[in-house]
Amino acid sequence: MTSNLQEIINKAESTHELTKNEIVELLANDEINQVLFKTADRVREKYVGNEVHLRGLIEFSNICSKNCFYCGLRRDNKNIKRYRLEPEIIIDFATKASSYGYKTFVLQSGEGNIYKLEEMLHIISEIKKLNVAVTLSIGEKTEEEYKAYKDAGADRFLLRIETTDKELYQKLHPGMSHENRVNCLKIIKKLGYETGTGCLIGLPKQSLESLADDILFFKELGSDMIGVGPFIPNEDTPLSSETGGSFELALKVMAITRLFLPDINIPATTAMETLNPQGRLIALQSGANVVMPNVTEGEYRDLYKLYPGKICINDTPANCKSYIAQKIQSIGRTVSKEYGFRKQLR
Ligand code: 5AD
Ligand code: SF4
């Protein structure tokens, strides 16, 4: 068995291709996980180098019109105080954080028409004046809206597919459609955004086969960034009594994604650090090359509660950055001063 697993890993390292069965075999067996992680680390170094890109995350509103079963921001959760930052405050957070050296901001919020289109365009174009790359993570929109954000200067868009298992997707996302999600991703790609997607690990009834399909989907879409995180049950949601995902399995999906898509950007996700105090460092040594520190200020850090145990909620953006920069240097890596666009193989 071990030698078969080793052969699969060797094949992935040299060809960056695997069959669905081979991916499932890697996911189902834990004998040589450390070899998998080391191989993903080697592939990361070869294709995207030793620099770690920091993206400053601004969680600008926790209002959401959707009702995803796993998420604390879901519409029906009455146990959180909702907020909506004024455009000038969002621009101010970005301005402060850019003075600490951030070259990219990720603007994330719940879904819905929380801001008028003109307000979003104003926020994007003002932040672009800071000479930074702008990533949006604001959910499903119309093609016209995606195009307008792009024209205002947005460079990248994150929209996780969450799961490629259609049946499971429909169960966990009432009133939403898997087809529309895929369609949004195709539009985002077509419009020329650097396109980010990703999935949750450990959703109820999620199979290893469907995780293999997720990885195949990432490649088929032509993703530029992939975020993989364990599902962490939130007590204010219908999935409160579920077990949740494991750190190790999330790490394995991430590592195989690196073998599959060697030159993309892969964040060490915050949810990984929530499950393991060294989670982000371990992820950075198992295929990841990006970290997204939170640069939202004040009480809003705590109010953006997708899942419990979120790290750094009582910290300030400045502390958060120097803490993570030190950690990155402690494992022999450097903090990039670049925008961190994908350096695509041709
Ligand atoms: N556990 C882990 N990740 C979650 N997300 C939402 N709720 C949870 C949870 N309970 C993730 C989703 C979403 C991203 C913004 O946060 O994958 O795309
Ligand atoms: Fe809203 Fe996103 Fe949470 Fe779904 S995952 S409830 S769309 S914030």
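Both backbone and side-chain heavy atoms feed into the values below; hydrogens, waters and symmetry mates do not. No experiment lies behind these values; they were computed from the predicted model shown.
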Do Pro204 and Leu239 touch side chain to side chain, with heavy atoms closer than 4.5 Å?
yes
Lys78/Asp236 salt bridge by N-O under 4.0 Å criterion
no
Hey, does Arg74 have a side-chain heavy atom less than 4.5 Å from the side chain of Pro238?
yes
Using atom types as modelled and distance alone, determine if a side-chain donor or acceptor of Asn265 lies under 3.5 Å from a backbone N or O of Val290.
no
Hey, does the side chain of Asn62 reach the backbone of Leu303 with a donor-acceptor pair shorter than 3.5 angstrom?
yes
Taking the side chain as every heavy atom from C-beta outward, state whether Ser137 and Leu159 have any atom pair closer than 4.5 Å.
no
Asp302 and its side chain to side chain contact (heavy atoms under 4.5 Å, CB included) partner, picked from Ile80, Ile313, Asn314:
Ile313
Using the rule given for side chain to side chain contact (heavy atoms under 4.5 Å, CB included), can you reason through Leu73 versus Tyr307, listing the C-alpha separation, both sets of side-chain angles and the distance that settles it, and then say yes or no?
CA-CA 9 Å; Leu73 305 192; Tyr307 49 79; over 6 Å; no
Let's go through Asn33 and Asp30 carefully: what are the C-alpha distance in whole Å and the side-chain angles of both, what is the deciding distance for side-chain hydrogen bond (donor to acceptor under 3.5 Å, both in side chains) to 0.1 Å, and is it a yes or a no?
CA-CA 5 Å; Asn33 283 356; Asp30 291 326; 3.1 Å; yes
Count the heavy atoms of every other residue, nucleotide or ligand shown that sit under 6.0 Å from CG of Asp76, and state whether that count exceeds 12.
yes
Between the side chains of Asp224 and Lys189, is the shortest nitrogen-to-carboxylate-oxygen separation below 4.0 Å, so that they form an ion pair?
yes
Val132 reachable from Ile324 in the ILVMFWY side-chain graph, under 4.5 Å edges
yes
Presence of salt bridge, Lys166 and Glu179, under 4.0 angstrom:
no
Glu162 side chain near Cys199 side chain, heavy-atom distance below 4.5 Å:
no
Salt bridge flag under 4.0 Å for residues Lys186 and Glu143
no
Would you call the rings of Tyr100 and Tyr102 parallel, tilted or perpendicular, where under 30° means parallel and over 60° means perpendicular?
perpendicular
Check whether any side-chain heavy atom of Ile23 sits under 4.5 Å from a side-chain heavy atom of Lys20, and report yes or no.
no
I'd like to know if Glu13 pairs up with Arg258 as an ion pair, taking the criterion as any Lys NZ or Arg NE/NH1/NH2 lying under 4.0 Å from an Asp or Glu carboxylate oxygen.
no
Could you see if Met254 belongs to whatever hydrophobic cluster contains Leu26? Use Ile, Leu, Val, Met, Phe, Trp, Tyr and a side-chain cutoff under 4.5 Å.
yes
Using 30° and 60° as the class boundaries, would you call the ring planes of Phe60 and Tyr115 parallel, tilted or perpendicular?
tilted
The test is side chain to side chain contact (heavy atoms under 4.5 Å, CB included); show your working for Leu54 and Ile328 and say whether it passes.
CA-CA 10 Å; Leu54 298 186; Ile328 288 166; 3.8 Å; yes
Approximate separation, where rounding is to 0.5 Å, of Ser246 OG and Phe231 CZ:
13.0 Å
Lys/Arg-Asp/Glu bridge criterion (N-O < 4.0 Å) met for Lys66, Glu111
yes
May I ask you to check whether Lys305 and Asn234 show a side-chain donor-acceptor distance below 3.5 Å?
no
Would Phe218 and Phe260 count as a ring-ring contact (aromatic ring centres under 6.0 Å, His included) if you check the C-alpha gap in whole Å, the side-chain angles of each, and the deciding distance to 0.1 Å?
CA-CA 9 Å; Phe218 300 157; Phe260 235 64; 9.4 Å; no
Less than 4.0 angstrom from a charged side-chain N to a carboxylate O is my criterion; do Asp41 and Arg44 meet it?
yes
Hey, is Asp263 close enough to Lys343 for a salt bridge, meaning N to O under 4.0 Å?
no
Worked verdict on Asn289 versus Ile266 for side chain to side chain contact (heavy atoms under 4.5 Å, CB included):
CA-CA 6 Å; Asn289 69 322; Ile266 299 184; 4.2 Å; yes
Please check if Leu275 and Tyr70 belong to a single hydrophobic cluster, counting links between Ile, Leu, Val, Met, Phe, Trp and Tyr side chain heavy atoms closer than 4.5 Å.
no
Using a strict cut-off of less than 4.0 Å between a Lys/Arg side-chain nitrogen and an Asp/Glu carboxylate oxygen, indicate whether Glu51 and Arg333 qualify as a salt bridge.
no
Considering only NZ, NE, NH1 and NH2 on the basic side and carboxylate oxygens on the acidic side, decide whether Lys205 and Glu167 come within less than 4.0 Å.
no
Between NZ of Lys190 and OG1 of Thr195, what distance do you get to the nearest 0.5 Å?
12.0 Å
Candidate pair Thr163 and Leu203, rule side chain to side chain contact (heavy atoms under 4.5 Å, CB included), full reasoning:
CA-CA 9 Å; Thr163 174; Leu203 293 166; 4.3 Å; yes
Arg181/Glu140 salt bridge by N-O under 4.0 Å criterion
yes
Do Ile58 and Met120 sit in the same hydrophobic cluster, where Ile, Leu, Val, Met, Phe, Trp and Tyr count as joined when their side-chain heavy atoms come under 4.5 Å apart?
yes
Are the side chain of His173 and the backbone of Tyr169 linked by a donor-acceptor contact shorter than 3.5 Å?
yes
Could you verify whether a donor N or O on one side chain and an acceptor N or O on the other, from Tyr146 and Asp151, lie under 3.5 Å apart?
no
Any donor-acceptor pair under 3.5 Å linking the side-chain atoms of Asn21 with those of Glu25?
no
Taking Ser223 for the side chain and Ile226 for the main chain, is one N or O donor matched with an acceptor at less than 3.5 Å?
no
Report yes or no: does Thr296 contribute a side-chain atom to a donor-acceptor pair with the main-chain N or O of Glu59 at less than 3.5 Å?
yes
Checking Arg156 side chain against Thr135 main chain: does a donor-acceptor pair fall under 3.5 Å?
no
Short side-chain to backbone donor-acceptor contact, Gln329 and Val335, under 3.5 Å
no
Could you check whether any side-chain heavy atom of Leu185 comes within less than 4.5 Å of a side-chain heavy atom of Phe217, counting everything from C-beta outward?
yes
Please work out which of the three classes, parallel, tilted or perpendicular, describes the rings of Tyr300 and Phe93, given edges at 30° and 60°.
tilted
Arg55 side-chain N/O to Gly340 backbone N/O, donor-acceptor pair under 3.5 Å:
yes
Other residues, nucleotides and ligands only: do more than 12 of their heavy atoms fall within 6.0 Å of NZ on Lys128?
yes
Quick check: are there more than 12 heavy atoms from other residues, nucleotides or ligands sitting under 6.0 Å from OH of Tyr323?
no
If you count every heavy atom of other residues, nucleotides or ligands that lies below 6.0 Å from Glu235 atom CD, does the total exceed 12?
no
Would you check if Leu57 and Val295 make a side-chain contact, meaning some heavy-atom pair closer than 4.5 Å?
no
Is a salt bridge present between Glu126 and Lys129, judged by a nitrogen-to-oxygen distance below 4.0 Å?
yes
Under a 4.5 Å side-chain heavy-atom rule over Ile, Leu, Val, Met, Phe, Trp and Tyr, are Ile201 and Ile232 clustered together?
yes
Under 6.0 Å from the six-membered ring centre of Tyr304 and within 45° of its axis: does the NZ or CZ of Lys310 meet both?
no
Using only atom types and a distance under 3.5 Å, with no angle test, would you say the side chain of Lys141 pairs donor to acceptor with the backbone of Gly112?
yes
Using modelled atom types and a 3.5 Å cut-off, is there a donor and acceptor pairing between side-chain atoms of Ser210 and backbone atoms of Gln206?
no
Result block: side-chain N/O donor-acceptor pairs under 3.5 angstrom for residues 277-284, not counting sequence neighbours:
| residue | atom | partner | partner atom | Å |
| --- | --- | --- | --- | --- |
| Arg280 | NE | Glu273 | OE1 | 3.3 |

Does the pair Thr142 and Glu145 meet the rule for a side-chain hydrogen bond (donor to acceptor under 3.5 Å, both in side chains), with working shown?
CA-CA 5 Å; Thr142 63; Glu145 288 168 317; 3.2 Å; yes
In terms of ring plane angle, is the pair Phe157 and Tyr149 parallel, tilted or perpendicular, where the classes change at 30° and 60°?
parallel
